[in-house]
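Notes to accompany the following structure.
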Amino acid sequence: MKKIRMKGKSVEEAVAGGLKVVGLDKEKAEIKVVSEGKAGVLGMFGGEEAEVEIREKLGKEEDAVEVLQEILNLMGLMAVSEAAGPVSREGEDIMLNIKGEELGRVIGKDGATLKSIQILVSSIVSRDFGEKVRVFVDAGGYREKHDASLIRLAKEAAKDVEQTGQEKRLPPMSAADRRVVHVALKGSDKITTYSEGEGAERRLIIAPK
Amino acid sequence: MKELVEYIVRSLVDNPDRVEIKETPGEGSILIEIKVADEDTGKVIGREGRIINAIRTLAKSAAGREQKRVQVEVLSKEVQ
């Protein structure tokens with residue numbers, strides 16, 4: 001998203017200067033006055049400049065697509081960012097997908113690079129809009145497949161717990177993966193889930209109710 | 001590499017004009033130092049280091065092509 005902070009002798013001057021610098025028409029810009037400024041003695045001394053923040057008017061999804069594309073470009077990847085249509089996952093606001101030649105590098109070991117990209121795009125879009133925006137980023141269906149296998153594993157473990165009445169510890173997982181499993185199992189009236197351990201060792205336990 | 005880190009950091013903070021990124025190439029490795037306004041330090045590091053670790057992961061991935069190791073550090077007031 002194009003954005004800039006600009007100072008001027010007056011708010012009008014700062015706005016005009018800022019629009020020129022970012023190359024936006026007034027209708028396409030959102031303007032926030034940071035400081036009205038103060039006139040000084042004889043209009044010259046001790047005054048304080050006015051300051052405004054100007055940003056391009058964009059939707060959250062457009063902004064997210066743009067931020068993701070910029071990151072891919074700067075990483076030197078031949079890959080394209082696209083909106084992935086309506087949100088189908090609980091707790092997410094925007095779904096993006098990455099298409100291209102080097103999806104292995106985009107995904108990284110155990111999906112670590114893809115997850116880092118998702119964290120940064122979410123944080124940047126949240127900052128741009130001044131509210132929490134959760135962005136889900138997939139690459140060629142990798143996350144969907146990964147989540148589907150997690151859910152399969154969790155359902156099998158849950159079945160064991162139901163039959164034996166004994167708790168089962170799942171392998172250590174990231175917060176995002178634990179959430180996927182937790183959401184997949186939360187409808188059950190026979191079992192419940194909770195987390196145990198710290199940091200990289202944190203894991204879900206499936207227990208009978 | 002520097003451009004990647006600079007874009008991300010500038011996009012995360014409230015004072016992008018106070019962001020300084022220094023890249024020091026060494027033998028087989030690169031050091032990237034990030035300096036931001038005091039009140040923006042937390043935004044670059046994140047809860048439990050989530051943000052800075054994500055920046056490190058992407059920098060490493062980008063550096064992988066050049067077969068170099070990369071170290072990314074945030075300079076905060078206490079250690080300066």
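Owing to the predicted nature of the structure, the values given are computational and were not obtained by experimental measurement. Chain A is the first sequence line, chain B the second, and so forth, proteins listed ahead of strands; every chain is numbered from 1.
Using a 4.0 Å cut-off between charged side-chain N and carboxylate O, A:Lys28 and A:Asp25 make no salt bridge. We find that A:Asp177 and A:Lys115 are joined by a salt bridge, their nearest charged nitrogen and carboxylate oxygen being less than 4.0 Å apart. Classification of A:Glu30 and A:Lys57 as a salt-bridged pair fails, no side-chain N sitting under 4.0 Å from a carboxylate O. The pair A:Lys32-A:Glu51 does not meet the salt-bridge criterion, since no charged nitrogen lies less than 4.0 angstrom from a carboxylate oxygen.
Contacts of B:Asp14 with chain A are made by both backbone and side-chain atoms, with heavy-atom separations under 4.5 Å. Of the atoms belonging to A:Ile117, heavy atoms from both backbone and side chain fall under 4.5 Å from chain B. Residue B:Val5: no heavy atom, backbone or side chain, is found under 4.5 Å from chain A.
No donor-acceptor pair closer than 3.5 Å links the side chain of A:Asn97 to the backbone N or O of A:Val137. Proximity of a side-chain donor or acceptor of A:Arg127 to a complementary backbone N or O of B:Leu12 within less than 3.5 Å is not detected. Using a distance-only test at 3.5 Å, with no hydrogens or angles considered, no donor-acceptor pair links the side chain of A:Thr192 to the main chain of A:Lys209. Between the side chain of A:Arg5 and the backbone N or O of B:Asn15 there is no donor-acceptor pair closer than 3.5 Å.
Legend: residues meeting side chain to side chain contact (heavy atoms under 4.5 Å, CB included) with A:Glu61, ordered by chain and number and at least two apart, are A:Ala83, A:Ile94. Remark: A:Asn73 engages A:Gln69 in a side chain to side chain donor-acceptor pair (under 3.5 Å) (not counting sequence neighbours).
Closest non-hydrogen pair, A:Pro172 versus A:Ala200, comes out as CB-O, 3.3 Å.
Along residues 21-34 of chain B, no residue comes nearer than 4.5 angstrom to chain A, judged on non-hydrogen atoms. Using non-hydrogen atoms only and a strict 4.5 Å limit, the part of residues 45-54 of chain B facing chain A consists of B:Arg50, B:Ile51, B:Ala54.
Across A:Val121, A:Val67, A:Asp128, A:Val106, the residue that shares the most heavy-atom pairs under 4.5 angstrom with chain B is A:Val67.
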